[in-house]
Asks: 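Sending over a structure as C-alpha cells; questions will come in a sec.
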Amino acid sequence: RFGVNDSFDPQQNIFAGALYLKILLKEFRSNELALAAYNAGEGAVRRYKNTIPPYPETQKYVSKVLSFYKYYQRNL
C-alpha cells in the first residue's frame, strides 16, 4: 500500500508509518480515532461508528501514545 519493500528497513518503515498516520488523521480528524485505526484497523473504527473500539489493547495503545504526545508537547 505504501511502497514498502523491506519492513525491516527503518527508513521505509518510518516513512510508511508516518504517511499512514497522516492519512488516518485526515480521514478521522481526531488524534484518538487515528491512533485507534492505526492499531486496530480503519474498519474496526468504522464498525464501532467512529469511536475507539472496545479492544483492551487498542484502548491502552491510544492512551499510552496520547500520554507520550502530551508529555513531549510540554517538555520540548
Asks: Mind checking side-chain contact (heavy atoms from CB on, under 4.5 Å) for Gln59 and listing every partner two or more places apart, or none if nothing turns up?
Replies: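 Partners of Gln59 by the side-chain contact (heavy atoms from CB on, under 4.5 Å) criterion, ordered by chain and then number, come out as Ile52, Pro54.
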Asks: How many angstroms lie between OG in Ser63 and CD in Glu32, if you round to the nearest 0.5 Å?
Replies: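 The distance works out to 10.0 Å.
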Asks: Residues in side chain to side chain donor-acceptor pair (under 3.5 Å) with Arg46, at least two apart?
Replies: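 Arg46 satisfies side chain to side chain donor-acceptor pair (under 3.5 Å) with Glu27, Glu42 only.
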Asks: Which heavy atom of Gln12 sits nearest to which heavy atom of Asn5, and what is that distance?
Replies: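 Of all heavy-atom pairs spanning Gln12 and Asn5, the closest is OE1-N, 2.6 Å.
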Asks: Kindly give the heavy-atom pair with the smallest separation between Thr58 and Pro53, and that separation in Å.
Replies: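 For Thr58 and Pro53, the tightest heavy-atom pair comes out as CG2-CD, 4.3 Å.
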Asks: Quiz question: by atom type and distance under 3.5 Å, do the side chains of Ser7 and Asn13 form a donor-acceptor pair?
Replies: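 Looking only at side-chain atoms, Asn13 and Ser7 do not form any donor-acceptor pair under 3.5 Å.
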Asks: For residues 69-76, tabulate all N or O donor-acceptor pairs below 3.5 Å that involve a side-chain atom, not counting sequence neighbours.
Replies:
from, atom 1, to, atom 2, distance (Å)
Tyr69, OH, Gln73, NE2, 3.3
Asn75, ND2, Tyr71, O, 2.8

Asks: Is there side-chain contact between Asn50 and Leu33, with at least one heavy-atom pair below 4.5 Å?
Replies: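 Asn50 reaches Leu33 side chain to side chain.
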Asks: Can you tell me if CZ on Phe15 sees more than 12 non-hydrogen neighbours from other groups inside 6.0 Å?
Replies: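 At most 12 heavy atoms, drawn from other residues, nucleotides or ligands, come within 6.0 Å of this atom.
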Asks: Looking at CD1 of Ile14 and CG of Leu19, how far apart are the two atoms once the value is rounded to the nearest 0.5 Å?
Replies: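 One gets 13.5 Å once the value is rounded to the nearest 0.5 Å.
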Asks: Do you know which two heavy atoms are closest between Phe28 and Ala34, and how far apart they sit?
Replies: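 Closest approach of Phe28 to Ala34: CB-N, 4.2 Å.
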Asks: Would you call the rings of Tyr38 and Tyr20 parallel, tilted or perpendicular, taking 30° and 60° as the class edges?
Replies: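 Tyr38 vs Tyr20 ring planes: tilted.
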Asks: If you compare all heavy atoms of Leu24 against all heavy atoms of Ala37, which two are closest, and at what distance to 0.1 Å?
Replies: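 Of all heavy-atom pairs spanning Leu24 and Ala37, the closest is CD2-CB, 3.8 Å.
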Asks: Quick one: do Leu25 and Phe2 end up in the same hydrophobic cluster if we chain Ile, Leu, Val, Met, Phe, Trp and Tyr together by side-chain heavy atoms under 4.5 Å apart?
Replies: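 Yes, same cluster.
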Asks: Would you kindly confirm whether Leu66 and Leu21 end up in one hydrophobic cluster when ILVMFWY residues are joined by side chain heavy atoms under 4.5 Å apart?
Replies: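 The answer is yes; both residues are in one hydrophobic cluster.
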